[in-house]
Amino acid sequence: MLDERDVTELLLLRGAEQEQLFARARAARHKVFGDGVVVRGVSEITNQCRVNCDFCPMRRDNTRHNSDFRMDAERLVDTAASIRASDIDVVFFQGGEIPQTTRVVAEAIPGVRALYGDRVEILLNLGNKRRDEYARLRELGATSYILKFETGDPELNRRMRHESLESRLKCLTDLLDLGYRVGTGSIVGLPGQDVAAVARDLVLARDLGVHMASVAPFIPAPDTPLAAHPPGDVELTLNAIAVSRLLDPSWLIPSVSALSKRADEGQYRGLRAGANVMTVNFTPDEQRDRYLIYGRDRFVVRRDYAGEVIARAGLTRSGSVFLDAEPAEVGEPATHGNPPATAAHRAPGVA
Ligand code: SF4
């Protein structure tokens, strides 16, 4: 089993050795998933947030500069219909951390499930919530939840997020315990973070027993305390993706849009480094322009772009890998997804 030291060494590889690392990661991915890349359809549901992360333009202190929005349940179901029309069976709702999203998403879930005749993965990324709220959303039919710890260094986490790492980890434990397929993730390039810290984040994600993990390069955004901080290193991020694949070959690992923002062919290179998820943006135009994920000039992934990147990497689009797994009961942790890459796991109509 890889430990922190092994991971640190792998993160530092460059040149031919880095290419060998990527090849190992691709082989590990192929063994579990074949050529399939899971395509998700995301809708951003609010740009309001009660948290004040130093790296995020949607932080609480920026609210007065942003024109805020909060979508209602009807709008969410409409957006899910667009995702369904694109033959994507992972409907992903994400938004800032505010309590109101529990009610809105709870209202929308039955309508979303009805659109798909229940053959849909409903993936949420709505921040810390109380356990009973997670339980309610799970009972209504939410399948999976992403909650990134961003950095596993408690002191850096407190400095960057002004929240405790412990509360984040408690939420992750609740989500796992409630039977969600759970994702977490970290940022590469935060102030004061060295390569060993990046390695510790990857090992922490493995030790948490999650089903999905992401690594994204830090992107400095205007109007944030880190606006002048240098961006995260793309090569280090790609190595972190490859190492994540080796740490747990069955993870879903996204090739995030921040890679395309940082580098030409960034998301293509993410897939070549072992990632196996692409997320297509379905947020209605008017709201999307106000979701300041990396500032106003974010990189928006469209369906055609995702398809081109996947094809160029020699891979094929796939549907949710969680739909055919044993349904986990509330209170019974989900089995670790070991989804075989068979046609049965492809979304209807997805080539
Ligand atoms: S990163 Fe998430 S929790 Fe932090 S301020 Fe941005 S939206 Fe809120």
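Both counts, for ligands and for their atoms, begin at 1 and track the order of listing.
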Seminar exercise, completed: Contacts satisfying ring-ring contact (aromatic ring centres under 6.0 Å, His included) that involve residues 102-135 (not counting sequence neighbours) are Y134-Y145

Problem set entry | Close-contact set for ligand 1 against C49 heavy atoms, below 4.0 Å | 3 (S), 5 (S), 7 (S), 8 (Fe)

Problem set entry | Whether over 12 other heavy atoms sit under 6.0 Å from E74 CD | no

For this session: Sort out for me which residue in R161, H162, R159 forms a side chain to side chain donor-acceptor pair (under 3.5 Å) with D54.
Result: H162

For this session: Could you tell me which atoms of ligand 1, counted from 1 in the order shown, lie closer than 4.0 angstrom to a heavy atom of M58?
Result: 7 (S)

Exercise. Considering only heavy atoms of R161, which atoms of ligand 1 have at least one such atom less than 4.0 Å away?
Worked result: 3 (S)

Problem set entry | Pairwise side chain to side chain donor-acceptor pair (under 3.5 Å) hits with a residue in residues 96-109, at least two apart | R50-E97, E97-R168, T101-K129, T102-K129, T102-E133, R103-E107

Exercise. Which atoms of ligand 1 have any heavy atom of C53 under 4.0 Å away?
Worked result: 1 (S), 3 (S), 4 (Fe), 5 (S)

